[in-house]
Protein chains: 2
Amino acid sequence: MSKQRVKANVENGKAHRRGAGVGHVYETLRNEIIELKLAPGSPIDEVQLSERFSLSRTPIREALVRLASDGLIETLPNRATIVSHIDFLGLPQFFDALSLMYRVTTRLAAANHDPADLERIWSLQKEFATAVNARDVLTMIAANRNFHVEIAKAGRNRYYTELFTQLLDEGRRILRLYYSSFNDELPVQYVTEHEDMIAAISDRDVALADQLAGRHAEQIVRQIQAFVIADPKTNFSMAI
Amino acid sequence: MSKQRVKANVENGKAHRRGAGVGHVYETLRNEIIELKLAPGSPIDEVQLSERFSLSRTPIREALVRLASDGLIETLPNRATIVSHIDFLGLPQFFDALSLMYRVTTRLAAANHDPADLERIWSLQKEFATAVNARDVLTMIAANRNFHVEIAKAGRNRYYTELFTQLLDEGRRILRLYYSSFNDELPVQYVTEHEDMIAAISDRDVALADQLAGRHAEQIVRQIQAFVIADPKTNFSMAI
DNA sequence: TGTATTTTTTTTGTCGACATAAATTTTCGC
DNA sequence: GCGAAAATTTATGTCGACAAAAAAAATACA
């Protein structure tokens, strides 16, 4: 009897093309980590994932290596791999870098954008406003991230865009914690702040764009800092 | 007859521990790419590498995925993987980000360093000066990179340190091109500029550190730009 | 009963093999 | 002889299995 080969490679009955599985696993896990569906510190089991995605361990491992490169998971040699902890001790550094990137990217967007950029930015701003009105926290956070990434892209500097994206994604985990305790009132003032920033970009007013972005960053940082200080329980439960 | 297993896992007759091979392959290839021993655009053959390092393709692939995450290689789906091209078109953006990181990290070092940091920085500065005197280009470039990374570490902000390290490593390929045409006279003025920067850091003079780092960056950028413009042949041969 | 040592279990790291996609060569029709 | 289709080659993507390392469980001994 000749050997036969059963080609599985499916999830939810949907067949994948060769090579597409890795990216899918990567994106899926990435989202689940960023949206805190996978808690920081929780273990990641390769066999379990390979069953879930109907793939062998090899492509799963490739996705995990990528996530580790992004700093989203930590690999303890020969033993467990876990979802990265949120680094509360490094929060001041994080805020410093985040603020600088807010300013630099918005500044560059004012200098380098074109009309098509503005359209995309407006579109994402509308998504953001809608989510705020609908009190939909997860969508709001994701839209906020996409809004600022789009501004960064309009600035046309891939180095800043990459660092900023990474910071915003790390920040989504923190924002998720923050807003989960304030589920009812979402930050309506951010909507108008965003609109002021768009206006400054559109006017190519570099100095104003810089200033507004700086204030916007300060605002966010201050709110999160107040939250972390006011709720040491969170600090205790999330950091090892 | 029972199956027997021959444990190879060696390179240059030196046995590796389980799990150590991947890191070794990663570091080795990383260095060869950064020092231009592997030319931009040159193909990377998994089978060839697995023979060279006496490993199977699986750990080789893991190292390649990491290099791809760093942007040092590009993976064309289902076909070749090649050493990343140097992005000459993106050089202005690169210089902008590099300059900002020079300033921010040196500034933070002036604010946050401790005596042990200064010792390490001085030690690397001495290595740099020695290499300049010895007209040893590769060592000079590597020491310069380590010098600035150490300053960044003294600044105590891992986000800046990571981006800066990445930029400096990308920059090593460009510097390598630049100095290979000026093999005889190495930049002695950088030695004194470095020493001025150390003095400003040591004095905790944040404003001066920022200023000196900015000028240092301008100096480097101006020299490389002049080189790229003056030698379009390089431009042609390296960019796709 | 408590502790040290051995055994078992679990999970990761690595391997060799096969399947598949793209490039290359060969064959075929005109 | 020339272009298109078919066959071959080459290198990648994926798989199932084995081996080693660490943790957990079981046993031995006081």
Side-chain angles (χ1 to χ4, degrees), chain A residues 1-11 14-29 38 41-69 73-84 240, chain B residues 1-11 14-29 38 41-69 72-84:
Chain A
M1 190 203 289
S2 68
K3 287 177 192 169
Q4 69 179 24
R5 176 181 154 77
V6 180
K7 174 81 178 191
N9 205 17
V10 289
E11 184 200 26
K14 196 174 162 187
H16 295 311
R17 277 185 200 81
R18 171 190 166 97
V22 183
H24 176 60
V25 174
Y26 171 76
E27 294 291 343
T28 305
L29 291 181
L38 290 173
S42 60
I44 300 204
D45 184 357
E46 294 177 3
V47 177
Q48 194 178 311
L49 288 177
S50 79
E51 281 165 12
R52 171 176 168 195
F53 291 99
S54 301
L55 289 168
S56 84
R57 276 177 53 227
T58 309
I60 298 288
R61 258 170 151 270
E62 184 172 326
L64 293 184
V65 170
R66 285 214 245 161
L67 289 169
S69 276
I73 64 175
E74 282 167 41
T75 310
L76 299 260
N78 280 321
R79 207 64 208 146
T81 94
I82 58 171
V83 178
S84 290
I240 268 265
Chain B
M1 190 200 289
S2 67
K3 286 179 194 167
Q4 69 179 24
R5 176 181 153 79
V6 180
K7 173 82 179 189
N9 203 17
V10 288
E11 187 203 19
K14 195 173 162 188
H16 295 311
R17 278 184 201 82
R18 172 189 166 97
V22 183
H24 176 59
V25 174
Y26 171 76
E27 293 291 342
T28 305
L29 291 180
L38 291 173
S42 60
I44 300 206
D45 184 358
E46 294 177 3
V47 178
Q48 194 178 311
L49 288 177
S50 79
E51 281 165 12
R52 172 176 166 197
F53 291 100
S54 301
L55 289 168
S56 86
R57 277 177 53 228
T58 310
I60 299 288
R61 257 169 152 270
E62 184 172 326
L64 293 184
V65 170
R66 284 213 245 163
L67 289 169
S69 277
L72 292 174
I73 64 175
E74 281 166 42
T75 308
L76 297 269
N78 280 320
R79 209 61 207 152
T81 94
I82 59 170
V83 178
S84 291

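Throughout, protein chains are lettered first and strands after them, A, B, ... in sequence-line order, and every chain is numbered starting at 1.
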Inset, instruction - Between C:dC15, C:dA21, D:dA21, spot the one nearest the side chain of B:L55, thanks. - result: C:dC15
Legend entry - Distance, rounded to the nearest Å, where B:E62 contributes CD and C:dT12 contributes C1': 11 Å
Inset, instruction - In whole angstrom, give the distance that lies between atom CG of B:L49 and atom C1' of D:dA11. - result: 13 Å
Inset, instruction - May I have the distance from A:F53 (atom CZ) to D:dC15 (atom P), rounded to whole angstrom? - result: 13 Å
Inset, instruction - List the atom of B:I73, the atom of B:L64, and the distance in Å for their closest heavy-atom pair. - result: CD1-O, 3.3 Å
Inset, instruction - Could you state the atom-to-atom distance from CD of B:E46 to P of C:dC15 in whole Å? - result: 14 Å
Legend entry - Closest-nucleotide 5' rank along DNA chain C - winner of A:T58 and A:T81: A:T81
Inset, instruction - Take the protein atom CG of A:L76 and the nucleotide atom P of D:dA23, then report the distance between them rounded to whole Å. - result: 9 Å
Legend entry - Interatomic distance where CD1 belongs to A:I60 and P belongs to D:dG16 [whole Å]: 12 Å
Inset, instruction - Remember a base hit wins even if backbone is also touched, and classify B:I44 as base, sugar-phosphate or nothing at under 4.0 Å, heavy atoms. - result: sugar-phosphate
Legend entry - Nearest-nucleotide comparison on DNA chain D, the residue closer to the 5′ end among A:P77 and A:V22: A:V22
Inset, instruction - Measure across B:P43 and B:I82 and return the closest heavy-atom pair with its distance rounded to 0.1 Å. - result: CA-CG2, 4.0 Å
Inset, instruction - Mind listing the closest non-hydrogen atom pair of B:S56 and B:I60 along with its distance? - result: O-CG1, 3.3 Å
Legend entry - Donor-acceptor pair present, A:R18 side chain and D:dT14 base, under 3.5 Å: no
Legend entry - OP1 or OP2 of C:dC15 under 4.0 Å from side-chain N/O of B:S56: yes
Inset, instruction - Specify the separation, in whole Å, of atom CZ of B:R57 and atom P of D:dA17. - result: 19 Å
Legend entry - Contact check, side chains of B:E62 and B:L55, non-hydrogen atoms, under 4.5 Å: no
Inset, instruction - Can you figure out which of C:dT12, C:dA22, C:dT14 approaches the side chain of B:N78 most closely? - result: C:dA22
Inset, instruction - Select one nucleotide: of C:dT11, D:dT14, C:dA21, the one nearest the side-chain heavy atoms of A:P59. - result: D:dT14
Legend entry - Atom pair distance, as rounded to whole Å: CD1 in B:I73 and C1' in D:dT12: 13 Å
Inset, instruction - List in chain and number order the residues that pass salt bridge (Lys or Arg N to Asp or Glu O under 4.0 Å) with A:R79, two or more places apart in sequence or in another chain; answer none if no residue qualifies. - result: none
Inset, instruction - Looking only at side-chain atoms of B:D45, point me to the closest of D:dA23, D:dT12, D:dC15. - result: D:dT12
